Amino acid sequence: MVIIIQHQVPDGMIGKGEAFMPYNFERVEKKWQQYWEENKVFQVECDPGKPKFYCLEMFPYPSGALHMGHLRNYSIGDLLSRFLWMKGWNVLHPMGFDAFGLPAENAALKYGVHPKKWTWDNIEHMTTQLKSMGCSYDWRRRVETCSPDYYRWTQWIFLLFLKNGLAYRKHAPVNWCESCQTVLANEQVIDGGHCWRCGSLVTKRKLEQWFLNITRYAQELLDSLGELPGWPEKVKLMQRNWIGRSEGVHLSFPVDGMETSLETFTTRFDTIYGVTFLALAPEHPLVEELVRRSPKGDEIRKFVAETLQKSEIERTAVGGEKTGIDTGFKAINPVTGEKVPIWVSNYILIEYGTGAIMGVAGHDQRDFEFARKYGIPVGVVIQPTEGNLDPETMTGAFEGDGIQCNSGDFDGLPTEESIPRMAAWAEEIGVGKREVNFRLRDWLISRQRYWGAPIPVVYCEKCGIVPIPEDQLPVLLPDVQVLPGGKSPLPETEEWVNTTCPYCGGPARRETDTMDTFICSSWYFLRFSSPWTAECPFRKEDVNYWMAVDQYIGGIEHACLHLIYARFFTKVLSDLGYVEAREPFTNLLTQGMVIKDGSKMSKSKGNVVDPDEIIRKYGADTARLFILFAAPPDKDLDWSEKGVEGAHRFLRRVWRLVEEGGDALRQAPRRRIPLVELAAKDRRDLKRRIQSTIESVGRDIEKERQFNTAVARLMELSNALSDFTPRDVTDWTLYREGIETLLLCLSPFTPHICEELWQSLENQGCLAGATWPEVEADCLEAESVTIVLQVNGKVREKIELPAGLGSEELKERVFSEEAVRKRLEGKEILKVIAVPDRLVNVVVKG
RNA sequence: GCCGGAGUGGCGGAAUGGUAGACGCAGCGGACUCAAAAUCCGCCGGGCCUUGGGUCUGUGGGGGUUCGAGUCCCCCCUCCGGCACCA
């Protein structure tokens with residue numbers, strides 16, 4: 001079957017009058033996809049004798065069909081993999097599915113299909129789609145996180161964390177998404193209090209939940225960002241901000257008339273002499289006791305209840321009104337012995353630091369606003385170098401550096417000295433301790449959902465929390481129907497919940513929460529090294545050969561989600577001796593979004609373009625080429641059907657170039673004619689063009705990661721070949737070199753068409769196994785260059801001269817030009833700057 | 001508010017401090033055709049000079065460094081992203 005696209009007369013009837021095969025991408029793409037599969041071209045093995053390259057794209061959630069974002073992600077990954085393969089690396093390029101998650105349950109509710117069936121159907125469909133893109137995956141290594149063979153090891157890793165004190169249960173106020181009917185980790189609450197997945201407003205609930213101790217790794221996660229030069233600065237910065245390290249002093253304020261003291265944390269211990277009050281978060285444990293002892297307990301209780309009723313965002317919005325209530329109790333400043341009132345206030349967060357602060361109204365804007373509102377005194381202990389602060393009249397806190405005052409022995413010290421000196425002093429006299437605080441919270445991993453990996457523990461009446469023994473893994477997810485309303489059916493599945501304690505044999509209940517799906521994706525890159533092993537999550541020799549991932553590609557939206565979690569898992573597994581790598585991803589490329597009509601493609605905007613349709617209409621090669629050409633990979637890409645047509649047109653031109661060559665081309669010798677053997681200048685120019693294309697395309701892909709300019713270079717080569725009319729055997733030999741170079745260099749971008757044309761030139765083997773051509777170095781040096789003559793910095797003449805002239809000779813040659821002499825006639829020359837192979841700038845008077 | 005990134009033709013985008021606008025899209029003119037599509041050739045930032053050619057101007061705005069600035073420095077404007085009462 002021959003399908004002719006977009007025009008009725010086949011291309012073959014035009015051109016040189018000789019009929020030839022039209023570019024039938026459908027036939028070509030199918031043919032080569034089949035060829036690669038049958039010949040196991042992309043199957044790769046661990047081979048310590050060869051240098052490895054691990055190229056990985058973030059695996060997709062099997063939502064049903066690929067979208068343009070996927071197509072972009074996987075086009076980039078495939079280009080790199082194929083290129084590096086040609087460069088001689090042993091390339092691991094696997095693909096899998098992040099297959100647990102809520103949408104499967106939503107689909108179950110909507111369409112009445114079981115999450116398992118829905119997910120597996122989607123996986124099969126999307127695998128077909130990925131194959132139709134022509135991606136060079138080693139499909140034997142496909143992993144699906146919802147497969148028991150996989151989640152068995154997710155559970156195993158959870159138990160490993162538990163055994164090592166990195167997983168624990170805690171009763172705490174946690175983020176709850178009503179719409180998703182589950183709790184969420186801090187990282188998954190975005191845009192000021194909204195669920196990362198569904199966008200609903202998140203509320204707080206007090207629940208007992210499982211946490212992973214990621215904060216134990218906070219410092220290392222922060223420090224080793226410095227060892228990731230291959231990561232975009234932006235992502236590293238986002239992670240730094242997210243981890244949020246701050247250095248300060250922890251100090252206790254004894255409560256007057258009570259046995260207890262209040263713990264506080266401050267980054268500005270230098271303002272200790274300026275403390276005029278203490279403030280507690282409404283949730284602070286001491287509040288309850290103060291309420292009990294205070295005559296105005298009811299009033300305080302009322303304030304706390306009212307505050308807690310408000311949503312998180314309402315309470316924590318910048319510039320939001322600060323409210324509070326004086327408890328009537330006093331705390332004693334451990335440095336001055338001064339008694340200051342203890343307040344309860346809405347702007348103090350229980351999650352950060354100790355949930356209590358020392359209030360320094362003179363030097364903290366928030367404290368200032370609060371103090372002014374309630375008539376609390378303002379103390380000044382730092383004076384700016386210019387001006388003089390008056391606590392009575394100042395209208396805002398002074399948060400900058402200055403000179404210490406009203407601070408005992410420290411008066412007169414500049415801030416940069418007083419901060420470290422006073423902190424050290426606090427330790428010396430035993431009132432405080434230097435401490436580091438992080439914004440990063442422990443990772444809440446329990447999810448009240450069905451479609452996830454069960455947390456492998458039971459609750460035994462006698463033994464308490466009991467982990468499932470390793471040899472009993474996996475704890476299989478029972479095949480049950482999801483419940484209307486979205487509640488997890490697991491707690492209701494009595495025959496599954498009721499079990500026996502693996503330790504004492506007595507009655508026990510299973511944990512009915514499943515794990516956050518980000519757990520599943522925190523180690524999949526390790527599993528790819530030996531996905532078939534049933535003995536362990538991954539084999540040491542394999543994982544240590546392949547890890548770390550040399551190039552990771554995905555969206556920036558995972559900067560503070562997956563990319564932090566995966567680093568955490570890698571560090572833990574490394575510390576426990578399972579993998580040598582300390583970091584999972586050596587180089588990270590964050591691709592931009594695919595935009596249409598000014599905004600991200602989305603169903604609600606109705607601006608979605610279906611990858612399947614594009615592939616059907618233009619072919620995978622065209623789709624890939626357009627995506628790689630239209631924008632640099634890290635920038636947003638504007639979808640343009642016209643642009644797609646342009647890419648298609650280019651491929652048709654390449655096709656015609658080869659077909660029109662006919663027998664003359666097919667029979668031309670496969671020989672590289674050295675530059676020096678080419679007599680004519682224009683032949684040498686073409687030779688140079690051919691060779692420099694190899695160099696610049698290689699550099700753009702490998703070093704610059706600028707695939708759009710690489711494509712531009714290939715188009716230039718194609719244009720040059722198209723302009724060239726071979727006349728004799730030497731010409732045809734050169735032409736063949738050009739064509740074959742074009743096909744080789746273009747093949748990582750558009751593999752199918754290149755394979756087909758390569759074969760039509762009667763070449764042996766396939767391009768997927770070919771070697772990237774070596775550059776003939778002498779061709780990179782230009783023979784002649786256009787020298788620009790500038791007068792006072794303005795371009796005046798352009799002169800073609802031999803390359804490599806020294807600046808003296810260059811000046812001489814330029815000045816001997818008639819046009820130049822004319823132009824400079826009668827001018828007083830002040831200075832001449834000559835830049836070899838570039839320009840001559842003449843500075844004249846007037 | 002703080003921290004990033006970016007502003008270049010009609011559009012997507014190129015330019016180690018050295019010819020601004022590569023490559024592509026759109027547009028315009030022409031060839032082929034009965035015609036259209038496809039294909040091929042030519043033009044394509046703006047202004048002025050009667051055309052060839054020349055000349056001025058032009059990379060968000062304003063200053064500066066330099067023989068020379070889209071690129072480096074300072075100030076400002078706009079847009080996008082992240083964080084946001086984190087003590």
Side-chain angles (χ1 to χ4, degrees), chain A residues 4-11 13-15 190-192 232-242 244-246 248 264-268 271 279 281 315-322 345-349 351-360 364-367 369-370 437-441 556-557 559-560 595 626 629-632 634-647 649-650 652-653 656 706 708-716 718-719 722 786-798 830-835 837-844:
Chain A
I4 292 142
I5 302 300
Q6 292 195 333
H7 48 94
Q8 292 171 332
V9 181
D11 277 352
M13 301 311 290
I14 309 159
I190 57 166
D191 297 336
E233 281 307 316
K234 181 172 181 170
V235 175
K236 288 190 275 188
L237 192 76
M238 283 167 75
Q239 291 207 355
R240 274 189 198 105
N241 289 340
W242 185 260
R245 181 184 198 272
S246 49
T264 63
F265 172 76
T266 178
T267 54
R268 293 298 301 271
T271 63
R315 228 187 96 190
T316 60
V318 176
E321 209 195 346
K322 291 168 182 56
S345 175
N346 68 340
Y347 75 97
I348 312 304
L349 305 173
E351 295 99 31
Y352 188 78
T354 60
I357 60 132
M358 55 179 230
V360 185
D364 182 290
Q365 186 58 27
R366 298 156 299 178
D367 297 348
E369 286 167 26
F370 187 72
N437 246 286
F438 294 96
R439 218 186 67 108
L440 183 73
R441 304 264 64 91
I556 197 162
E557 66 273 17
C560 295
I595 301 286
F626 167 72
F629 178 58
D634 54 332
K635 296 263 173 58
D636 286 350
L637 180 153
D638 243 23
W639 186 265
S640 143
E641 183 97 11
K642 288 288 179 193
V644 177
E645 281 171 17
R649 232 180 341 253
F650 169 69
R652 288 233 305 272
R653 267 203 298 273
R656 245 189 3 254
Q706 295 277 345
N708 55 330
T709 52
V711 175
R713 296 291 92 79
L714 289 163
M715 287 174 167
E716 281 172 327
S718 156
N719 291 344
S722 168
T786 308
I787 299 294
V788 168
L789 173 83
Q790 294 184 340
V791 177
N792 289 343
K794 291 189 173 163
V795 178
R796 285 295 177 252
E797 299 291 334
K798 291 173 188 180
L830 300 176
K831 194 175 177 184
V832 179
I833 294 112
V835 183
D837 290 345
R838 289 268 173 205
L839 54 74
V840 173
N841 187 9
V842 184
V843 184
V844 300

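Values reported hereafter were calculated over all heavy atoms of this structure, with side chains retained and with hydrogens, waters and symmetry mates removed. Remember, it's a predicted structure, so these values are computed and weren't measured experimentally. Every chain is numbered from 1, with letters handed out A, B, ... down the list of sequences.
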### Task
May I have the distance from Leu714(A) (atom CG) to A14(B) (atom P), rounded to whole angstrom?
16 Å
### Same-atom distance (C1') from U8(B) to A14(B), integer angstrom
10 Å
## Note on the structure
note: Lys642(A), atom NZ; A26(B), atom P; distance rounded to Å ~ 5 Å
### Phe370(A) and Asp364(A): CA distance, side-chain angles, deciding distance, side-chain contact (heavy atoms from CB on, under 4.5 Å) verdict
CA-CA 10 Å; Phe370(A) 187 72; Asp364(A) 182 290; over 6 Å; no
### Phosphate contact (U55(B) OP1 or OP2) by Lys794(A) side-chain N/O below 4.0 Å
no
### Message
Among U19(B), U55(B), A14(B), which nucleotide has an atom closest to any side-chain atom of Thr709(A)?
### Response
A14(B)
#### Entry: Candidate nucleotides C40(B), C85(B), G24(B), ranked by approach to the side chain of Tyr347(A) - the nearest
C85(B)
### Task
Mind telling me if G9(B) is syn or anti? Syn here is a glycosidic angle within 90° of 0.
syn
### Query
Do the side chains of Phe629(A) and Leu714(A) get nearer than 4.5 Å, heavy atoms only?
no
#### Entry: Pairwise side-chain contact, Tyr347(A) with Glu369(A), heavy-atom cut-off 4.5 Å (strictly under)
no
### Query
To the nearest angstrom, how far is Ile833(A) atom CD1 from A69(B) atom P?
12 Å
### Query
Roughly how far apart, to the nearest Å, are A87(B) and C79(B) at atom P?
30 Å
### Task
Let me know the distance between NZ of Lys236(A) and C1' of C3(B), rounded to the nearest Å.
16 Å
### Task
Taking all heavy atoms of Ser246(A) and all of Thr267(A), pick out the closest pair and write down the distance.
CB-CG2, 3.9 Å
#### Entry: Reported NZ-to-CG distance for the pair Lys831(A) and Asn841(A), which is rounded to 0.5 angstrom
9.5 Å
### Message
So for Asn241(A) and C83(B), does any side-chain atom that can act as donor or acceptor lie under 3.5 Å from a complementary atom in the base?
### Response
no
### Message
Students often get this wrong, so: under 4.0 angstrom with heavy atoms, is Asp364(A) touching a base, only sugar-phosphate, or nothing?
### Response
nothing
### Query
Mapping Ser722(A) and Met238(A) onto RNA chain B by nearest heavy atom, which one lands closer to the 5' end?
Ser722(A)
### Task
Respond yes when some side-chain nitrogen or oxygen of Gln706(A) is under 4.0 Å from OP1 or OP2 of A14(B), and no when none is.
yes
### Query
Between C23(B), U19(B), G12(B), which nucleotide gets closest to the side-chain atoms of Asn719(A)?
C23(B)
### Message
Taking atom types as they are modelled, would you say the side chain of Lys322(A) forms a donor-acceptor pair with the base of C85(B) within the 3.5 Å cutoff?
### Response
yes
### Message
What I'd like to find out is whether the side chain of Glu645(A) reaches to under 4.5 Å of the side chain of Phe626(A), using heavy atoms alone.
### Response
no
### Message
From C-beta outward on Asn841(A), which listed nucleotide comes closest to its side chain: U39(B), A87(B), G18(B)?
### Response
G18(B)
### Length of the NZ-P vector between Lys635(A) and U8(B), whole Å
11 Å
### Query
Can you check the Asp634(A) CG to G81(B) P distance for me, whole Å?
16 Å
### Query
When the nearest nucleotide of RNA chain B is assigned to Lys831(A) and to Ala630(A) on a heavy-atom basis, which residue is associated with the more 5' position?
Ala630(A)
### Query
Which nucleotide sits closest to the side chain of Arg366(A): C86(B), U19(B), U55(B)?
C86(B)
### Message
So Leu839(A), base contact, sugar-phosphate only, or nothing? Heavy-atom distance under 4.0 Å.
### Response
base
#### Entry: Gap in Å between the two C1' atoms, one belonging to U19(B) and one to G42(B), rounded
23 Å
### Query
Looking only at atom types and distance, does a side-chain atom of Asn346(A) sit under 3.5 Å from a main-chain N or O of Glu321(A), one as donor and one as acceptor?
yes
### Message
Classify Val788(A) by what it touches in the nucleic acid, base, sugar-phosphate, or nothing, heavy-atom distance under 4.0 Å.
### Response
base
### Task
For A69(B) versus C11(B), give the span between their C1' atoms, rounded off to a whole number of Å.
26 Å
### Query
Would you say C40(B) has OP1 or OP2 under 4.0 Å from some side-chain N or O of Arg656(A)?
yes
### Task
Could you give the distance separating U33(B) and A38(B) at their C1' atoms, to the nearest angstrom?
11 Å
### Task
Take the protein atom CD of Gln790(A) and the nucleotide atom C1' of C67(B), then report the distance between them rounded to whole Å.
8 Å
### Message
Taking the minimum atom-to-atom distance to the side chain of Asn708(A), which one of A14(B), C67(B), C85(B) wins?
### Response
A14(B)
### Task
Taking only the side-chain nitrogens and oxygens of Arg652(A), find out if one of them lies under 4.0 Å from OP1 or OP2 of U39(B).
yes
### Query
So does Arg439(A) get a side-chain nitrogen or oxygen closer than 4.0 Å to the phosphate oxygens (OP1/OP2) of A84(B)?
yes
### Task
Determine: side-chain N/O of Lys234(A) to OP1/OP2 of G5(B), distance under 4.0 Å, yes or no.
no
### Message
I'd like to know if the side chain of Asn792(A) reaches the main chain of Val844(A), judged simply by a donor and an acceptor atom lying under 3.5 Å from each other, with no hydrogens or angles considered.
### Response
yes
### Message
Applying a 4.0 Å non-hydrogen cut-off, can you work out what Gly244(A) is touching in the nucleic acid: base, sugar-phosphate, or nothing?
### Response
nothing
### Task
With side-chain contact (heavy atoms from CB on, under 4.5 Å) as the test, would you mind laying out the steps for Ile357(A) and Thr264(A) before giving the verdict?
CA-CA 5 Å; Ile357(A) 60 132; Thr264(A) 63; 5.6 Å; no
### Task
Can you tell me the distance, in whole Å, between the CD1 atom of Ile556(A) and the P atom of C83(B)?
11 Å
### Summary
Dot-bracket assigned to RNA chain B with the 3.5 Å Watson-Crick/G-U criterion, [ ] for crossing and | for other-strand pairs, is (((((((..(((.....[....))).(((((.......))))).(((((...)))))..(((((..]....))))))))))))....
### Query
Should Val843(A) and Ile833(A) count as side-chain neighbours, where that means a heavy-atom distance under 4.5 Å?
yes
### Query
Has Ser246(A) got a side-chain N or O lying under 4.0 Å from the OP1 or OP2 atom of A87(B)?
yes
#### Entry: Rounded C1' spacing from G13(B) to G21(B) in Å
9 Å
### Message
Suppose you measure atom P in G82(B) against the same atom in C73(B); what distance do you get, rounded to whole Å?
### Response
27 Å
### Message
Among C23(B), U19(B), G13(B), which nucleotide has an atom closest to any side-chain atom of Lys798(A)?
### Response
U19(B)
### Query
Looking at side-chain heavy atoms only, is the closest gap between Ile556(A) and Lys234(A) below 4.5 Å?
yes
#### Entry: Arg649(A) side-chain N/O to A26(B) phosphate OP1/OP2 under 4.0 Å
yes
### Query
What nucleotide among G12(B), A87(B), G24(B) has an atom nearest to a side-chain atom of Met715(A)?
G24(B)
### Message
Suppose you measure atom P in A37(B) against the same atom in G30(B); what distance do you get, rounded to whole Å?
### Response
14 Å
